[in-house]
Amino acid sequence: SYDKYANWPLGDGTPLIKATKKQLLVEAEFHETQGKTMLARATWFKALAVRMGDAETVGEAIDGEGIAALYKEAHAEVEA
């Protein structure tokens, strides 16, 4: 059935089929921002894992300054 798509709830609870263009654009912007943030976070975690080498924990391999530097590098586009 197509109803599950037509009744897809937007963030404000409005069913998709009753959404205005403005609501759709707001919803799209929200999801785009979320997606960029999630991708940056994944990049950060992967960079931390690589930098750890054979260490058991992040703290054994990287100090707070290093963690912050990798965060800023991964999130540069999102926070620009």
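Position 1 is the first residue of the sequence, and the numbers go up from there.
With Q23 contributing its side chain and T20 its backbone, the two residues share a donor-acceptor pair below 3.5 Å. Judged by distance alone, with hydrogens and angles left aside, the side-chain atoms of W44 form a donor-acceptor pair with the main-chain N or O of I67 at under 3.5 Å. Put simply, the side chain of T14 never gets that close to the backbone of L10: no donor and acceptor are under 3.5 Å apart. Judged by distance alone, with hydrogens and angles left aside, the side-chain atoms of E27 form a donor-acceptor pair with the main-chain N or O of G11 at under 3.5 Å.
Grouping the Ile, Leu, Val, Met, Phe, Trp and Tyr side chains by contacts below 4.5 angstrom, directly or via other members, places I62 with F45. The hydrophobic clustering, which links ILVMFWY residues whose side-chain heavy atoms are closer than 4.5 Å, places L70 and M52 together. Residues Y71 and V58 share a single hydrophobic cluster, defined by chaining ILVMFWY side chains whose heavy atoms lie under 4.5 Å apart.
Note that NZ of K4 is 13.5 Å distant from CG of L16, once rounded to the nearest 0.5 Å. Of the inter-residue distances, the one linking E77 atom CD with T37 atom OG1 reads 10.5 Å to the nearest 0.5 angstrom.
Within a 6.0 Å sphere centred on CD of E73, other residues, nucleotides and ligands contribute 12 heavy atoms or fewer. More than 12 heavy-atom neighbours from other residues, nucleotides or ligands sit within 6.0 angstrom of CD on Q34. Within a 6.0 Å sphere centred on CG of L24, heavy atoms belonging to other residues, nucleotides or ligands number more than 12. Within a 6.0 Å radius of CD in E56, no more than 12 heavy atoms belonging to other residues, nucleotides or ligands are found.
Heavy-atom minimum distance, A40 versus H75: CB-CD2, 3.6 Å.
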Does Y5 form a side-chain contact (heavy atoms from CB on, under 4.5 Å) with I17? I'd like the steps, not just the answer. CA-CA 8 Å; Y5 300 107; I17 201 160; over 6 Å; no
